[in-house]
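Numbers here are sequence positions counted from 1.
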Amino acid sequence: MMMKKIVGLLLVVFALQVNAQSNAELLKHYEKFYAQMKSQGDVQGVITALTHLNILAPTQGRKDTLAVLYMNEGR
């Protein structure tokens, strides 16, 4: 009984790993998301995209841009 649970758990973990996105894929996704939100003028969307980009590939420019956006939004 315990062996079935362990095998089942291993299969689930393996399946999740196979479907997981790489950092490069996530970075590409959030760069596209950022561009789309920026083109729509969606400030909250831009903040969300920059926050994710900053986690995946932090730069001082992104941090500064986030600071300016928050300041302009009065937060």
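Note that CG of Leu69 is 6.5 Å distant from CG of Asn72, once rounded to the nearest 0.5 Å. One distance of note links CG of Leu56 with CD of Glu31; it measures 9.5 Å at 0.5 Å rounding. Annotation: the span from Ile55 atom CD1 to Leu27 atom CG amounts to 12.0 Å, rounded to 0.5 Å.
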Discussion item. Does Arg62 form a side-chain contact (heavy atoms from CB on, under 4.5 Å) with Leu66? I'd like the steps, not just the answer.
Written reply: CA-CA 6 Å; Arg62 287 186 183 127; Leu66 273 170; 5.5 Å; no
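Shown here are the side chain to side chain donor-acceptor pair (under 3.5 Å) partners of Asn23, two or more places apart in sequence or in another chain: there are none.
Within the structure, ring pair (Phe, Tyr, Trp, His ring centres under 6.0 Å) contacts touching residues 27-65 (residues at least two apart or in different chains) are Tyr30-His52.
There is a path of hydrophobic side-chain contacts, each under 4.5 Å, that joins Val46 to Tyr70.
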Atom pairs and distances, side-chain donor-acceptor, residues 35-43, under 3.5 Å, sequence neighbours left out:
{"from": "Gln36", "atom 1": "NE2", "to": "Gln40", "atom 2": "OE1", "distance (Å)": "2.6"}
{"from": "Ser39", "atom 1": "OG", "to": "Gln36", "atom 2": "O", "distance (Å)": "2.8"}
{"from": "Asp42", "atom 1": "OD1", "to": "Gln44", "atom 2": "N", "distance (Å)": "3.3"}
{"from": "Asp42", "atom 1": "OD1", "to": "Gly45", "atom 2": "N", "distance (Å)": "2.9"}

